[in-house]
Visitor: 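Got a structure for you, questions after.
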Number of protein chains: 2
Amino acid sequence: MAVNTPNETLCGSASIHKNKVLAAIKAEPPSESLLELSELFKVFSDPGRLRILSALSESELCVCDLQEVLSASQSAVSHQLAMLRAARLVRTRRDGKTVYYSLADSHVRAILLVGLEHVEEKRGLA
Amino acid sequence: MAVNTPNETLCGSASIHKNKVLAAIKAEPPSESLLELSELFKVFSDPGRLRILSALSESELCVCDLQEVLSASQSAVSHQLAMLRAARLVRTRRDGKTVYYSLADSHVRAILLVGLEHVEEKRGLA
DNA sequence: TATTCATATGTATGTATATTCATTTATGAG
DNA sequence: CTCATAAATGAATATACATACATATGAATA
């Protein structure tokens with residue numbers, strides 16, 4: 001059992017680049033933002049949700065449409081939609097018994113697109 | 001127990017929007033891409049990794065620098081770096097015993113920036 | 001060779017997340 | 001009001017994941 005705390009086990013201070021470390025710490029976004037950002041990306045980190053967002057970037061759709069697009073159960077789709085709602089990535093509109101979903105804003109598509117670009121590019125030089 | 005398969009339990013076909021559903025299915029990226037994309041975003045879905053990427057977007061840093069920036073154990077940092085390497089988001093350069101990390105390409109910063117934009121904007125109208 | 005230091009990897013455990021089934025709420029029709 | 005249907009929610013389980021701890025590799029050096 002190690003007694004020393006993990007944080008103090010630094011490599012010899014000779015090889016640390018103090019100024020760069022300080023600059024990096026200074027430039028760091030506030031931890032609030034980092035947390036929100038990580039949660040945002042977490043929502044994007046599931047193929048099912050990506051499919052929903054992709055579908056909604058084509059057109060507004062109701063829950064049972066999405067059920068059909070994803071070939072998933074109503075409950076599963078609804079749970080994913082709840083998460084997307086919580087993350088404010090989608091908007092809802094009710095018409096009678098039917099609830100229609102659409103993308104909340106243009107950032108959603110932007111994030112999808114820049115991510116896809118990266119993936120497609122990396123595929124080339126794999 | 002219900003006998004019907006989940007997929008067939010659709011809302012009355014009257015309320016389904018066949019053409020939109022088909023369009024959404026047609027426009028869907030290949031499942032390969034969706035999977036890679038979800039894995040890409042998963043890498044971004046941790047505050048620690050975001051901090052590493054943020055730090056590296058300032059300047060190239062070695063592992064023990066990052067240890068200091070994050071106030072994390074060497075093991076934790078090394079694990080996160082392994083994940084970032086696997087996702088090809090960072091590049092390494094060895095100089096003697098020291099391994100220097102830097103961002104792999106400009107997409108990484110782009111994704112960070114558009115995500116941060118979204119987060120900052122949402123904060124305004126919360 | 002033996003030792004030390006920087007980094008990497010393996011394993012085990014708690015936590016988080018997705019899915020399913022069952023139930024509940026909301027809306028519209030008869 | 002009662003019944004049927006769309007969507008949402010809750011509880012339970014099974015899987016995935018992050019982390020901590022221990023150990024391993026590999027280079028420099030004494």
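Below, chains carry the letters A, B, ... as their sequence lines are ordered, and counting in each starts from 1. Keep in mind that this is a model prediction, so the values were computed, not measured.
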Visitor: Separation of Leu70(A) atom CG from dA7(D) atom P, in whole Å?
Guide: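 Interatomic distance, CG of Leu70(A) to P of dA7(D): 13 Å.
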Visitor: Leu84(B) CG to dA8(C) C1': how many Å, rounded?
Guide: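 Leu84(B) atom CG is separated from dA8(C) atom C1' by 15 Å.
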Visitor: Report which part of the nucleic acid Arg85(A) touches: base, sugar-phosphate, or nothing (heavy-atom distance under 4.0 Å, all strands).
Guide: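 Touches sugar-phosphate only.
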Visitor: When the distance from CG of Leu61(B) to C1' of dT7(C) is rounded to whole Å, what number comes out?
Guide: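 It is 16 Å, rounded to the nearest whole Å.
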Visitor: Does any nucleotide pair with dA30(D) by Watson-Crick or G-U wobble geometry, both distances under 3.5 Å, and what is it?
Guide: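 Because both required distances fall under 3.5 Å, dA30(D) counts as paired with dT1(C).
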Visitor: Measure CD/Gln67(A) against C1'/dT20(C) and give the value in whole Å, please.
Guide: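 Distance check: Gln67(A) CD to dT20(C) C1' gives 14 Å.
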Visitor: Would you kindly check whether a donor in the side chain of Gln74(B) faces an acceptor in the base of dA6(C), or vice versa, at under 3.5 angstrom?
Guide: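 Counting by modelled atom types and ignoring angles, no donor-acceptor contact under 3.5 Å is found here.
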Visitor: In this structure, how many angstroms lie between the C1' atom of dA24(D) and the NE2 atom of His79(B), rounded?
Guide: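 Taking atom C1' of dA24(D) as the reference, NE2 of His79(B) is at 13 Å.
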Visitor: Under 4.5 Å between side-chain heavy atoms, hopping through other hydrophobics if needed: is there a path connecting Val114(B) to Val108(A)?
Guide: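 Hydrophobic grouping puts Val114(B) with Val108(A).
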Visitor: Determine: side-chain N/O of Ser78(B) to OP1/OP2 of dA8(C), distance under 4.0 Å, yes or no.
Guide: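 So the side-chain polar atoms of Ser78(B) do come within 4.0 Å of the phosphate oxygens OP1 or OP2 of dA8(C), strictly under.
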Visitor: Which whole-number value in Å describes the distance from Leu50(A) CG to dA18(C) P?
Guide: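 Distance, rounded to whole Å: 12 Å.
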Visitor: Strictly below 4.0 Å: does Tyr101(B) bring a side-chain N or O up to OP1 or OP2 of dT7(C)?
Guide: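 No, because none of the side-chain N or O atoms of Tyr101(B) sits under 4.0 Å from OP1 or OP2 of dT7(C).
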Visitor: Could you tell me whether the side chain of Arg51(B) and the main chain of Val69(B) form a donor-acceptor pair under 3.5 Å?
Guide: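 Such a contact is found between Arg51(B) side chain and Val69(B) backbone.
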Visitor: With a 3.5 Å distance limit and no angle check, can you tell me whether Ser78(B) reaches the backbone of Ser75(B) through a side-chain donor-acceptor pair?
Guide: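 Here the side-chain-to-backbone pair does not exist.
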Visitor: When you match Arg49(A) and Arg94(A) each to their closest nucleotide on DNA chain C, which lands nearer the 5' end?
Guide: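 Looking at the nearest nucleotide for each, Arg49(A) comes out on the 5' side.
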Visitor: Closer than 4.0 Å, any side-chain N/O of Lys42(B) to the OP1 or OP2 of dC17(D)?
Guide: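 For Lys42(B), the contact criterion (side-chain N or O under 4.0 Å from OP1 or OP2 of dC17(D)) is met.
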Visitor: Using atom CZ of Phe44(A) as one end and atom P of dT17(C) as the other, report the distance to the nearest whole Å.
Guide: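 Result: 16 Å.
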Visitor: Start at the 5' end of DNA chain C and walk down; is the nucleotide closest to Met83(A) or to Ser75(A) reached first?
Guide: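 Nearest nucleotide further toward 5': that of Met83(A).
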Visitor: Please check: side-chain N/O of Arg94(B) versus main-chain N/O of Val99(B), any donor-acceptor pairing under 3.5 Å?
Guide: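 Here the side-chain-to-backbone pair does not exist.
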Visitor: Taking 4.0 Å as the cut-off, does a side-chain nitrogen or oxygen of Gln80(A) come that near to OP1 or OP2 on dT17(C)?
Guide: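 No, because none of the side-chain N or O atoms of Gln80(A) sits under 4.0 Å from OP1 or OP2 of dT17(C).
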Visitor: Taking NZ from Lys97(A) and P from dT27(C), how many angstroms apart are they, rounded to a whole number?
Guide: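 Rounded to the whole Å, the gap is 12 Å.
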Visitor: Any idea how Phe41(B) and Phe44(A) line up, ring-wise: parallel (<30°), tilted (30 to 60°), or perpendicular (>60°)?
Guide: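 It falls in the tilted class, 30° to 60°.
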Visitor: Given the structure, check if the side chain of Ser73(A) and the base of dC21(C) hold any donor-acceptor pair shorter than 3.5 Å.
Guide: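 No.
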